[in-house]
Amino acid sequence: MKSKRLISTAVLSLVMVFSGVSFSSAAEMEKAPKDSAQKETFRVLIKGSQAERAQAKKDVGVHHDFNGQGFTVDVSAEEYEKLVKSGDVEVKKVPEFKIAATNQLKATSSPTTRVPWGIKAIYNNSSLTSTSGGSGIKVAVLDTGVLKTHKDLSSNVEQCKDFTTGSTYVNNSCADRNGHGTHVAGTVLGNGGGGTGVYGVAPQAKLWAYKVLSDSGSGYSDDIAAAIRHAADQATSTGSKLILSMSLGSSANDSLISSAVTYAQGKGVLIIAAAGNSGSSANTIGYPGALANVVAVAALENVQANGTYRVANYSSRGNPNTDGDYVIGVKDIEVSAPGSAVESTWYTGGYNTISGTSMATPHVSGLAAKIWASNTGYSASQVRTVLQNRAKANDILGGTGAAAGDDYASGFGFPRVQ
């Protein structure tokens, strides 16, 4: 191969909102002023023939190998220039985006309620005091890591791996110094901490905590793709029923991630991802949620104490031209779930209340685990159909002119336990 073409690839930025403040989309971040300090190294994707890749690996090493899609590695500016000038391989920079977080969090040592409002809403029970379900189901949370010693999570953690290091992954390492991943995990399967913590949707499910985002909440697409493939292989080798929960996204599609999602789907994995926080305009849904083989989740807010819900303004929208067709395609919201002012576990060992489609996603992942545990003969696609049917029964109108039952803001609606 003699191409010297340099192509930027998409990477994943965390999709969440802290205290009602929406973070910038990946597209907006690209426009932001760049730090004047030059990074010593950066991530690249290298493509070429088998022989060309083998030589490049000898020269610069390898981080993740995607075989025919190429391999990734961190290189210095000098190494990068040499690779480009050689003309023997195609080199693509893999840029890193970071969340624009504001420090407005008020974490607490004890939860304000044992069963957060979103859990009560998805159970359709305002007097709920505990939850159950999910036994035998694995949920892989791809995020900033998880505090695996948190009292509400420790007995659920089955795998803990870090994909952000210099090797393929580091086993028994998934430290969360951001909080986001721990928060997401708690909503999926928090077990109440012996009666003093918070409950998630499916407290009997097992957690595979995969760290794919840095402590600042940024991530490279290759780390995420590698984790998706690894999780799918783990599910196959152990005969596990697996749900992938990804509260992350980018405005642009990424070939490594889309290929990994297809690979996981082929292994019988159910993939659920956040729609994104890019606001109320149409066609703002992020990837991988925008992929047709991923369940994209929009965020709901609780308007009144009596259980009136609506799609949050920050929640990304899908394609309005497909309203009412009851078919999930590219850039379609599939379902909605509680996402605003959600309380859950935190990386300090305490609890925190934050908002975003990141928070809506684990509600649906937990519900899927409950459904699958009660119907062990189901395939992933059958569980997905159940989610859609339950959503249709609890439709949430997403905005003016939205089609009842399938609209571009709320999808099919709000799936629930009952």
Side-chain angles (χ1 to χ4, degrees), residues 9-12 14 43 45-46 53 57 61-74 94 137-146 148 156-176 180-181 184-185 188-189 205-214 218-250 254-273 287-289 291 293-295 361-362 365 368-369 372 380:
T9 61
V11 297
L12 282 281
L14 205 58
R43 187 75 49 85
L45 172 66
I46 298 176
R53 294 198 309 272
K57 288 176 186 177
V62 58
H63 181 57
H64 292 301
D65 194 343
F66 296 96
N67 297 317
Q69 288 185 283
F71 71 94
T72 60
V73 65
D74 292 329
V94 181
I137 308 304
K138 321 296 183 182
V139 181
V141 172
L142 276 58
D143 215 291
T144 60
V146 169
K148 63 180 181 179
N156 298 71
V157 179
E158 192 170 84
Q159 291 189 20
C160 167
K161 299 179 181 181
D162 187 350
F163 289 80
T164 67
T165 65
S167 59
T168 303
Y169 69 86
V170 177
N171 200 21
N172 297 318
S173 176
C174 57
D176 181 14
H180 186 270
V184 167
V188 177
L189 43 69
K206 291 300 182 181
L207 174 64
W208 292 2
Y210 287 2
K211 183 179 177 68
V212 297
L213 301 175
S214 71
S218 62
Y220 287 114
S221 62
D222 64 320
D223 289 337
I224 297 162
I228 292 171
R229 288 177 175 272
H230 180 80
D233 288 339
Q234 288 283 289
T236 299
S237 64
T238 59
S240 300
K241 299 183 187 303
L242 174 66
I243 297 164
L244 274 176
S245 188
M246 295 187 285
S247 290
L248 42 78
S250 170
D254 177 84
S255 61
L256 291 178
I257 291 177
S258 61
S259 177
V261 164
T262 300
Y263 178 82
Q265 183 189 36
K267 296 282 188 177
V269 178
L270 178 62
I271 306 121
I272 301 172
Y287 290 89
L291 296 171
N293 49 1
V294 174
V295 178
T361 302
S365 299
W372 216 343

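- Taking both residues in full, the closest heavy atoms of L291 and S258 are given as CD1-CA, 3.9 Å, listed atom of the first, atom of the second, then distance.
- Using a 4.5 Å heavy-atom cutoff, the side chains of T72 and F66 are in contact.
- In this structure the side chain of Q159 reaches within 4.5 angstrom of the side chain of Y210, judged on heavy atoms.
- Side chain of S245 to backbone of V141: no donor-acceptor contact under 3.5 angstrom is found.
- The shortest side-chain heavy-atom distance between W372 and L270 falls under the 4.5 Å cut-off.
- Residues R53 and G70 come closest through the heavy atom pair CD-CA, 4.0 Å.
- From D233, atom CG reaches atom OH of Y263 across 3.5 Å, with rounding to the nearest 0.5 Å.
- Taken from OG1 in T168 to NE2 in H64, the straight-line distance is 6.5 Å, to the nearest 0.5 Å.
- The side-chain hydrogen bond (donor to acceptor under 3.5 Å, both in side chains) check on T361 picks up nothing, with sequence neighbours excluded.
- Atom CD1 of I271 and atom CG of L242 lie 8.5 Å apart (nearest 0.5 Å).
- Taking both residues in full, the closest heavy atoms of A369 and A205 are given as CB-CB, 4.3 Å, listed atom of the first, atom of the second, then distance.
- In terms of heavy atoms, A227 sits closest to L142 at CB-CD2, 3.9 Å.
- Defined by atom type and a distance below 3.5 Å, a donor-acceptor pair is missing between the side-chain atoms of S259 and S255.
- Of all non-hydrogen atoms in T144 and K211, the two that sit nearest each other are O-NZ, 2.9 Å.
- For H230 and F163, the ring centers sit closer than 6.0 Å to each other.
- Residues S247 and H180 approach most closely at O-CE1, 3.4 Å, considering heavy atoms.
- For the salt bridge (Lys or Arg N to Asp or Glu O under 4.0 Å) with E158, the qualifying choice from K138, K206, K148 is K138, the only one to do so.
- With contacts defined as side-chain heavy-atom distances shorter than 4.5 Å, the pair Q234/K161 qualifies.
- Side-chain contact between S365 and I243 is present, with heavy atoms from C-beta onward closer than 4.5 Å.
- You'll find the side chain of L45 stays beyond 4.5 Å of the side chain of D222, heavy atoms only.
- Tested against P288, the residues L248, L244, D254, I228 include a single side chain to side chain contact (heavy atoms under 4.5 Å, CB included) partner, L248.
- Note that the CD1 atom of I224 and the CG atom of D143 stand 9.5 Å from one another [nearest 0.5 Å].
- You'll find the side chain of V73 reaches within 4.5 Å of the side chain of I46, heavy atoms only.
- Note: L256 CG to R229 CZ = 8.0 Å, rounded to the nearest 0.5 Å.
- Here the straight-line distance linking atom NE2 of H63 with atom CZ of F71 works out to 12.5 Å at 0.5 Å rounding.
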